[in-house]
Structure formats: structure tokens, C-alpha cells
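Notes to accompany the following structure.
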2 protein chains.
Amino acid sequence: MPNSVPEVAEERKLNDFFCFTVYRTTHAINRVYKPLLDALGLTYPQYLVMVALWERDDQTVGGLGQKLSLESNTLTPLLKRLEALGHLKRTRNPHDERQVKVSLTEQGKALKTRTKAARGCVLEASGMEVKDFRRLQGELALLRRALEAHSALRAEA
Amino acid sequence: MPNSVPEVAEERKLNDFFCFTVYRTTHAINRVYKPLLDALGLTYPQYLVMVALWERDDQTVGGLGQKLSLESNTLTPLLKRLEALGHLKRTRNPHDERQVKVSLTEQGKALKTRTKAARGCVLEASGMEVKDFRRLQGELALLRRALEAHSALRAEA
DNA sequence: TTGAATTTAATCGCGCACGATATATCTTCA
DNA sequence: TGAAGATATATCGTGCGCGATTAAATTCAA
């Protein structure tokens with residue numbers, strides 16, 4: 001297939017931009033998740049926080065932020081909404097009042113049992129073989145780590 | 001520092017989510033672009049719109065939206081900001097007053113010459129071989145198309 | 001031991017993303 | 001012709017995502 005994606009061309013079209021490919025893929029994934037998460041009453045970032053808490057309860061805001069690559073300016077309002085929905089509690093750590101501990105309520109724990117439809121929905125919708133799907137995921141994860149390392153280096157200078 | 005060894009097994013579960021891999025990759029790409037686009041005074045979506053216009057001038061809002069997978073509720077305010085910056089003009093089509101034609105100003109056209117640093121920044125930061133990079137991009141594009149087809153089918157039902 | 005530096009969340013403002021809705025214009029056809 | 005429907009863009013409200021700043025608690029150091 002000649003010229004399907006020029007490597008370094010003077011005149012680059014939008015579809016040649018790698019960033020745009022990932023950008024649109026993110027939106028496509030969100031649209032797959034949307035109807036499934038609507039049924040749970042969660043947004044996609046809220047779902048990610050719940051997944052993180054189902055895996056390990058009682059995490060600090062900072063700890064969650066590290067896992068999700070988010071900071072308190074994004075997490076605090078999001079966590080307050082999840083608290084208002086009754087899915088979790090936010091309590092100051094009595095041994096270090098700077099920290100806020102995020103812990104699931106019984107309702108929040110119970111919500112996990114209703115996420116069956118959401119698990120694996122992208123794999124299913126992709127129509128891909130599991131092996132290829134996982135390989136693609138692995139390559140993306142490698143790319144992400146390389147980009148983060150690059151940004152971290154630039155931030156130092 | 002007690003207990004500094006992270007719970008690797010638990011973190012792996014969150015990282016198992018393909019959506020989360022793409023989500024983080026998007027953010028990592030944005031962080032690579034950020035300093036380069038700051039120098040141009042553009043946000044990342046604004047940059048994408050400018051790329052689309054450099055590729056083809058005089059597009060309608062709807063036409064741009066189709067290329068970018070965005071609708072007027074997102075595009076109209078964004079285009080107004082680019083117009084306020086002096087990069088483009090928005091004019092009603094006299095033959096069909098419903099349409100708004102978006103066209104570059106001389107300043108908007110000239111901006112293209114200052115995007116050298118941004119072009120290929122992800123490839124460079126990735127440290128990947130061009131061939132592998134383009135193959136990964138192609139696979140992602142295929143996945144996106146499959147997901148969009150899936151969502152479109154569901155929307156009909 | 002106390003004052004400075006560090007750490008942790010929270011707050012604020014701006015710009016996207018998107019569902020729902022509004023408005024104006026154009027098209028269709030009864 | 002003119003009323004109904006379709007189309008194109010704009011508006012509004014909510015929730016991220018993030019840079020910048022603030023506030024409070026803790027740690028460090030002179």
C-alpha cells in the first residue's frame with residue numbers, strides 16, 4: 001500500500017496526524033461506553049475512579065491521582081459528586097490531616113456487580129482477536145510511557 | 001518509609017482496561033503538545049481546526065465538524081475564539097444563510113509556517129521507528145472505524 | 001524550638017465535549 | 001401557496017482537564 005500514510009511530508013493532512021488518530025479513538029471509545037455507563041449513572045472518569053477503588057479501597061486523593069494521572073483540581077469535584085451519589089465517603093486522615101481518605105460505601109461496593117456489560121465492551125465492539133487486541137494495548141502502553149518520560153525530561157529543563 | 005512497595009497485582013487490573021490505556025495515551029500526547037502549542041497561542045483542538053483549514057480553506061462549520069467528529073455546540077465557541085485571535089473569519093453563505101463559511105485570514109495562513117516544531121513531535125518523543133509508529137497508527141485507525149461502526153449500529157436499534 | 005520549606009487538598013478560571021434545546025433558513029408537497 | 005418537515009448553526013448546562021493560586025498541616029533545619 002503505497003503512500004497510505006506519509007512519514008514526513010511537507011503537506012500533511014489531518015488524518016496523517018497520529019495525535020488525531022488517538023483523539024478520535026478516545027471519542028469512539030467514549031461513545032461505546034456512554035450507553036453502558038448511563039445505565040449506571042456514572043460518567044467515564046467517575047467509572048475509572050470506581051474501578052480503582054474496587055481494586056483497592058481506602059485510597060488517598062493523591063494516590064488515586066497518581067494511578068489515574070489526575071490531580072486534586074480534577075479529582076476533588078469528581079469525588080464530591082460520587083460522594084453526593086452515595087458511592088463513597090471522604091474523610092480526613094486523623095494521623096495526617098492534610099490527607100483525605102476515599103472509601104467506598106456499601107452502595108458503592110454493590111455497584112460493581114452491575115458493571116458486567118461494561119467489562120470487555122471495547123474488545124467486543126472492536127471485533128478483534130484477543131491476542132491482537134492485547135498486543136495493540138501493549139504497544140500503546142509502551143508509547144505512553146515513552147511520551148511521559150519525554151515530557152518529564154522537558155519539564156526539568 | 002514503611003511499605004513503599006506498591007501493590008503491583010492490583011494496579012495491573014486497572015491497567016488491563018484498554019480504554020484506560022488510550023485515555024492515558026491521549027493525555028500523554030496532550031502534554032507533549034502543550035509547550036509547543038503554547039508558543040503558538042493555540043489549544044490542541046484549535047490546532048486541529050487550523051490543520052483542517054490549512055488542508056482546505058473555506059469550509060462550513062458542519063464540514064469541519066464531520067472531519068473532526070465535533071458538532072456546532074463545540075465548534076461554534078471554538079471558532080469564535082479563533083476569530084477573536086484574528087486567525088479566521090466566519091461569514092454566512094449568501095446562497096444558503098443557514099451555513100457559515102469559515103475562512104483563514106492572512107494571519108491564520110501565516111501561522112502555518114510556525115508549526116515546524118509541532119509537526120512530528122509525537123513520533124520524535126515516542127523514540128519509535130517510523131515504520132512501527134505508522135503501523136501502530138494504522139491499527140488504531142482500524143479499531144476506531146470498527147468502534148464507530150458498532151456505535152452506529154447500536155444507535156439505529 | 002521556632003520559622004521556613006514541603007506536602008496535600010481545595011479553589012478558581014478557562015476551554016473543550018456533549019446532550020438538549022432554540023432559532024433561522026431552506027425544502028417539500030398537499 | 002403555505003404549512004410541515006428538514007437542515008445548519010447557535011445557545012445553555014454539566015462535567016471533565018489543567019494551570020495557577022490558596023490554605024492548612026507537617027517536616028526540616030538553624
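A quick note: this is a predicted structure, and the numbers were derived from the prediction, not measured. Labels below follow one simple rule: chain letters A, B, ... track the order of the sequence lines, proteins then strands, and each chain is numbered from 1.
Remark: B/Arg90, B/Arg92 in residues 86-96 of chain B come within less than 4.0 Å of DNA chain D through at least one heavy atom. Of all the residues in residues 75-85 of chain A, A/Thr76, A/Lys80 reach under 4.0 Å from DNA chain C with at least one non-hydrogen atom. For the segment residues 22-37 of chain A, the set of residues with a heavy atom within less than 4.0 Å of an atom of DNA chain D is empty.
A/Gln46 comes within 4.0 angstrom of sugar-phosphate atoms only, judged by non-hydrogen atoms across all strands, and of no base. Residue B/Thr43 is in sugar-phosphate contact alone, with no base atom involved, counting any heavy-atom pair closer than 4.0 Å across all strands shown.
Considering all non-hydrogen atoms of both residues, B/Leu147 and A/Ala28 come closest at CB-CB, 4.0 Å.
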Checking salt bridge (Lys or Arg N to Asp or Glu O under 4.0 Å) for the pair B/Lys109/B/Glu106: CA distance, chi angles, key distance, verdict?
CA-CA 5 Å; B/Lys109 292 173 187 170; B/Glu106 288 308 311; 3.4 Å; yes

Can you check ring-ring contact (aromatic ring centres under 6.0 Å, His included) on B/Tyr44 and A/Tyr23, steps first, answer last?
CA-CA 10 Å; B/Tyr44 177 65; A/Tyr23 176 83; 5.7 Å; yes

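The side-chain hydrogen bond (donor to acceptor under 3.5 Å, both in side chains) test applied to A/Thr91 returns no partner, not counting sequence neighbours. Contacts of A/Lys34 classified as salt bridge (charged side-chain N to carboxylate O under 4.0 Å, His left out), with partners at least two apart in sequence or in another chain: A/Asp38.
Under the 3.5 Å distance criterion, with hydrogens and angles disregarded, no donor-acceptor pair is assigned to the side chains of A/Arg31 and B/Ser151. Under 3.5 Å, the side chains of B/Gln137 and A/Thr21 contain a donor-acceptor pair of N or O atoms.
Between A/Glu55 and A/Lys67 there is no salt bridge, since no side-chain nitrogen of the basic residue lies less than 4.0 Å from a carboxylate oxygen of the acidic one.
Within the structure, every pair that satisfies the ring-ring contact (aromatic ring centres under 6.0 Å, His included) test and touches residues 45-64 of chain A, not counting sequence neighbours, is listed here: A/Tyr33-A/Tyr47.
Contact of A/Ser72 with C/dA10 (side chain to base): a donor-acceptor pair of N or O atoms is detected under 3.5 Å. At a cut-off of 3.5 angstrom, the base of C/dT7 holds at least one donor-acceptor pair with the side chain of A/Arg98.
When each of C/dC18, D/dC16, C/dA9 is scored by its nearest atom to the side-chain atoms of A/Thr60, the top-ranked nucleotide is C/dA9.
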